[in-house]
There are 2 protein chains.
Amino acid sequence: MVELPAPSRTRNAAATRQAILDAAHNRFAKEGYDGASLREIAADAKVDAALVSRYFGSKEELFVEVLNCAPDASDLFEGTLSDFGTRVATKILDDRDVDQGVEYLLIMLRSASSLAAAEPLRRSMRTHFHDPFAAWLGGPQADVRARLAGDLIMGVCMSQAITSDHDLDEEGRASLRSRLAKVLQAAVEP
Amino acid sequence: MVELPAPSRTRNAAATRQAILDAAHNRFAKEGYDGASLREIAADAKVDAALVSRYFGSKEELFVEVLNCAPDASDLFEGTLSDFGTRVATKILDDRDVDQGVEYLLIMLRSASSLAAAEPLRRSMRTHFHDPFAAWLGGPQADVRARLAGDLIMGVCMSQAITSDHDLDEEGRASLRSRLAKVLQAAVEP
DNA sequence: TGTAAAAGTCATCAACTGTTGACTTGGGCG
DNA sequence: CGCCCAAGTCAACAGTTGATGACTTTTACA
């Protein structure tokens with residue numbers, strides 16, 4: 001047959017490493033830690049499977065590396081506290097442009113069942129979400145308020161992930177959005 | 001050697017079938033759909049692994065059967081609506097006696113990542129939890145209120161499952177309980 | 001008691017997993 | 001150009017998984 005149109009990639013360790021990282025991110029978000037296989041990830045990154053183990057040592061280390069790239073969810077903290085409920089509710093429910101923060105939430109909830117992933121997951125959750133969230137909230141029992149709001153966000157995202165929004169019409173979604181805003185606000189306010 | 005002290009079990013198809021079902025329930029709750037293996041389940045039920053496939057056809061059908069045994073979560077509905085928040089909050093957070101309803105919630109969240117388990121899971125969630133919950137709530141937008149409360153419960157349970165309550169002292173837990181009660185109440189009230 | 005079907009077991013299959021070691025290819029430096 | 005180490009590939013491993021067909025054991029009925 002003809003030659004491959006373009007090798008399209010000169011050898012570049014940093015670039016392929018990043019490609020693997022991106023592919024792993026997507027797969028982990030879609031299928032969870034156990035469900036995603038190194039071969040799938042490697043195929044997505046257009047790389048041999050052996051290279052993944054070679055670069056990151058093990059699947060678990062790759063997972064940790066992916067979690068370490070998580071953003072600080074700082075976009076949730078741009079705005080006033082009194083605005084928090086509606087702001088986050090719209091961000092979560094208007095999922096058409098699934099932004100980074102929610103993607104990482106998906107990784108977490110999809111990997112919660114894995115024993116190997118549990119410990120890295122817990123640590124990442126604290127450092128990237130809970131702690132900065134509580135610090136931003138301030139006030140009395142900030143950690144409890146942060147945890148409760150975080151649990152609510154997680155639950156809603158998870159429900160979305162499971163049901164794929166099959167069972168809610170447009171009016172229902174609007175109602176859900178406003179009510180979620182109210183409840184979320186009740187969770188974070190001192 | 002001596003004889004086995006007691007074969008301890010006459011051949012009884014219904015009993016072994018139930019034993020398999022119980023073992024599957026526990027394993028699915030602990031490790032999720034993908035994580036639990038038929039051999040583990042069979043070992044727990046003191047049964048050959050082949051028998052599981054023989055009785056239930058496939059792992060997925062076994063999973064469906066387990067979900068079909070889920071209680072209607074009717075214990076959440078014993079009491080007044082104005083009492084709902086505190087009642088459920090204490091039930092969830094005093095997890096020492098993990099009752100059946102929460103166990104099934106564990107199965108759901110631990111299996112949420114599995115593609116094979118997704119559809120049966122969604123159906124069971126609706127019929128065993130969401131629909132009767134919404135019916136019990138009544139009033140305007142009962143389905144939205146039921147979903148939001150359910151999502152919150154799921155998120156809290158999941159957070160518990162991940163963190164194993166490592167990071168909250170006794171005072172914090174009390175605070176979490178009262179606040180969860182308040183937020184939960186805000187979610188269900190019209 | 002004798003026998004046939006149910007209940008349970010065994011061995012095995014094919015597929016897939018993460019990981020490793022030996023190998024080949026490529027590009028930059030002298 | 002010619003070398004050499006990094007970058008990438010190939011094949012294979014040991015383990016586990018779900019599933020299947022042939023086999024043995026028990027129970028119940030005539």
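The figures that follow rest on heavy atoms only: side chains count, while hydrogens, waters and symmetry mates do not. Lettering follows sequence order; numbering is per chain, from 1.
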To the nearest Å, give me how far apart [atom1] ([X]) and [atom2] ([N]) are.
X: B:R27; N: D:dG18; atom1: CZ; atom2: C1'; answer: 16 Å
X: B:E40; N: D:dT17; atom1: CD; atom2: P; answer: 6 Å
X: A:R39; N: D:dT9; atom1: CZ; atom2: P; answer: 14 Å
X: B:R54; N: C:dT9; atom1: CZ; atom2: C1'; answer: 10 Å
X: A:Y55; N: C:dT19; atom1: OH; atom2: P; answer: 17 Å
X: B:L51; N: D:dT20; atom1: CG; atom2: P; answer: 14 Å
X: B:L38; N: D:dT20; atom1: CG; atom2: C1'; answer: 13 Å
X: A:D48; N: D:dA11; atom1: CG; atom2: C1'; answer: 10 Å

Heavy-atom closest pair, residues [X] and [Y]:
X: B:A24; Y: B:L62; result: CB-CD2, 3.9 Å
X: A:Y33; Y: A:K59; result: O-NZ, 2.8 Å
X: A:Q185; Y: A:D83; result: OE1-C, 4.2 Å
X: A:A89; Y: A:R177; result: CB-O, 3.7 Å

Counting side-chain heavy atoms from CB outward, which of D:dG8, C:dG18, C:dT9 is closest to A:S37?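 Given the options D:dG8, C:dG18, C:dT9, the side chain of A:S37 is closest to C:dG18.
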
If you check every side-chain atom of A:A50, which of D:dC10, C:dG18, D:dT17 has the closest atom?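 For the A:A50 side chain, the nearest candidate turns out to be D:dC10.
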
For [X], answer base if it contacts any base atom (sugar-phosphate contacts may also be present), sugar-phosphate if it contacts only those atoms, and nothing otherwise; contact means non-hydrogen atoms under 4.0 Å.
X: B:A14; answer: nothing
X: A:S53; answer: base
X: B:A13; answer: sugar-phosphate
X: B:F56; answer: nothing
X: A:A42; answer: nothing

Using a cut-off of 4.0 Å between protein heavy atoms and nucleotide atoms, how would you tag nucleotides 25-30 of chain C 5' to 3' with B, S and -? BS----

For the pair A:E65 and A:R17, find out whether any cationic side-chain nitrogen is under 4.0 Å from an anionic carboxylate oxygen.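 Judged by the 4.0 Å cut-off on N to carboxylate O distance, A:E65 and A:R17 do form a salt bridge.
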
Whether A:R147 and A:D151 form a salt bridge (side-chain N of Lys/Arg under 4.0 Å from carboxylate O of Asp/Glu) is what I want to check.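 Result for this pair is yes, salt bridge flagged.
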
A:F129 and A:F133 aromatic ring geometry - parallel, tilted or perpendicular at 30°/60° bounds: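 Taking A:F129 first and then A:F133, their aromatic rings sit tilted (interplane angle of 30° to 60°).
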
Kindly state which residues belonging to residues 57-65 of chain B come within less than 4.0 angstrom of DNA chain D, counting heavy atoms of the residue only, listed by number.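 B:S58, B:K59, in order of number.
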
ILVMFWY cluster, A:V66 and A:V64 together (side-chain gap under 4.5 Å):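 Cluster IDs for A:V66 and A:V64 differ.
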
Side chain to side chain contact (heavy atoms under 4.5 Å, CB included) assessment of A:L93 paired with A:V156: CA-CA 9 Å; A:L93 295 182; A:V156 172; 4.2 Å; yes

Any chance you could measure B:D143, atom CG, to B:R126, atom CZ, to the nearest 0.5 Å?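 The CG atom of B:D143 sits 8.5 Å away from the CZ atom of B:R126.
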
